[in-house]
Amino acid sequence: MPATITSIAHYLPPDIYTNDYFATYLETNNEWIMDRTGIAERRFAKEGGTSDLIVPAAKECIEKRGLALSDIDCVIVATVTPDHMFPSTAALVQHKLGLPKAWGFDISAACSGFLFAIVTACKLVEAGGAKRVLLCGADKMSSILNFNDRSQAILFGDGAGVCLIEMSNDDSLGLVDQVLQIDGYGGKYLNQVAGGSMNPASHETVDKKQHYIFQDGQPVFRAAVKGMADVSAEIMERNNLKSDDVAWLVPHQANLRIIAASANRMGLGMDKVMVNINKYGNTTAGTIPICLSEWYQNGKIKKGDNLVLSSFGAGFTWGAALLKWNMND
Ligand code: COA
């Protein structure tokens, strides 16, 4: 019996920043940003940490399922912007929610964080290591963004998606298959240089702005187009899925052109692709669960639907998963 999502919710901070906001102080404009990325606006949280993005979504998610706080026995947080290097953001979420019986941990896989975490959570539940996992994908990207670098400031946003993972009540529904990959050769193209054990924080690292995102956009773009399309096609092939069999592609939202390339490789029209990058930008570990939550809330995912989750991110990390949806309308 597979494990599956049994409840889902998301949270986005209220403050919206349009492309025009950046055009007021950077050499950029709405047309360039829309054309090259598909992003029109994003949300930035004014205060708090990533755990504060997670908590409202987590409360809603648990409430919708009608569970007591003591029913949650594990918290997994996928993030690259933890509140602190330690303790884990999972521990802070446990404490803020007051979950009396949970253990848990963080997963660091950048934009593939939620994908790697949902596979981890499902396998944990299937193996009997936990009964109900509160699975959170969230990032406060504004905390590591260089707002004076036009090539990165415009790309990212803050947000959280949270779901519950439990055993499925139907053998045929839930997480069916996954293809996951990691290759550290890509580390040099997208990273945060300082703040870890290799380059601990110092005056010098701060002066050099090494606590912000570093990204060499073009190699990341090229690797993402190939990586995401390859695994999306592979998961279809492995499961004998034709394009008509796929209800939705649920891609990581980094760039509309990367998303379109994956859809094209899968033979899917854009009407079968979840896209909200225009509204929220790249919320890193948040993008896939926020999409799932929004689409489910709007009645656009039906029980039995084949969903292909697909992502690419820093590491490099990438992968795809086949999820047969198991929640009623
Ligand atoms: N506004 C206007 N011009 C900009 C700009 C902005 N916000 N950002 C960069 N430019 C300029 C560059 O300086 C460059 O100018 P030059 O030709 O005078 O040097 C020009 O636009 C082209 O830059 P380039 O980096 O080649 O553009 P691009 O088409 O590759 O788009 C990204 C840049 C970042 C949008 C794109 O590379 C990308 O999406 N990469 C992947 C990012 C990603 O997915 N990261 C998350 C993890 S998966």
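Both counts, for ligands and for their atoms, begin at 1 and track the order of listing. As the structure is a prediction and not an experimental result, all values here were calculated from the model.
Aromatic ring centres of Y21 and F44 lie farther apart than the 6.0 Å criterion allows.
Protein heavy atom nearest atom 29 (O) of ligand 1, with residue, atom name and distance: R36 NH2, 2.7 Å. Scanning all protein heavy atoms for the shortest distance to atom 48 (S) of ligand 1 gives F312 O, 3.3 Å. Scanning the protein heavy atoms around atom 31 (O) of ligand 1, the nearest turns out to be R257 NH2, 3.7 Å. Annotation: atom 26 (O) of ligand 1 to nearest protein heavy atom, Q218 NE2, 2.4 Å. At the shortest separation from atom 44 (O) of ligand 1 among protein heavy atoms lies A254 CB, 3.2 Å. At the shortest separation from atom 45 (N) of ligand 1 among protein heavy atoms lies Q215 OE1, 2.8 Å. Shortest contact from atom 15 (O) of ligand 1 to any protein heavy atom: R150 NH2, 3.9 Å.
The part of L190 lying near ligand 1 is the side chain, judged by heavy-atom distances below 4.0 Å. With a 4.0 Å cut-off on non-hydrogen atoms, A224 does not touch ligand 1 at all. Under 4.0 angstrom from ligand 1, there are no non-hydrogen atoms of N29.
Taking only nitrogen or oxygen atoms, main chain and side chain alike, T37 does not reach within less than 3.5 Å of ligand 1. Considering backbone and side-chain N/O atoms, H252 never comes within less than 3.5 Å of an N/O atom of ligand 1. Close N/O approach between F156 and ligand 1 is not found [any backbone or side-chain N/O within under 3.5 Å]. In terms of N/O distances under 3.5 Å, ligand 1 is not approached by N282. For a threshold of 3.5 Å applied to N or O pairs, the pair formed by N255 and ligand 1 contains at least one separation below that value.
Between the side chains of D170 and S168, no donor N or O sits under 3.5 Å from an acceptor N or O. There is no side-chain donor-acceptor pair under 3.5 Å between S311 and H252. A donor atom on one side chain and an acceptor atom on the other are not found under 3.5 Å apart for S172 and K324.
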### Message
As a quick check of understanding, evaluate side chain to side chain donor-acceptor pair (under 3.5 Å) for N19 and R42, giving each step before the final call.
### Response
CA-CA 9 Å; N19 292 339; R42 71 291 287 149; 2.8 Å; yes
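Membership of the apolar cluster around F86 extends to M85, as traced through chained side-chain contacts below 4.5 Å between ILVMFWY residues.
Every residue meeting the salt bridge (charged side-chain N to carboxylate O under 4.0 Å, His left out) condition with K46, not counting sequence neighbours, appears here in chain and number order: D15.
The local environment of NZ in K101 is sparse, with at most 12 non-hydrogen atoms from other residues, nucleotides or ligands closer than 6.0 Å.
Among S112, G217, A314, G227, the residue whose heavy atom sits closest to atom 40 (N) of ligand 1 is G217. Of the candidates W32, F316, F221, F221 brings a heavy atom nearest to atom 36 (C) of ligand 1.
A cation-pi arrangement, defined by a distance under 6.0 Å to the six-membered ring centre and an angle within 45 degrees of its axis, is present between K300 and W295.
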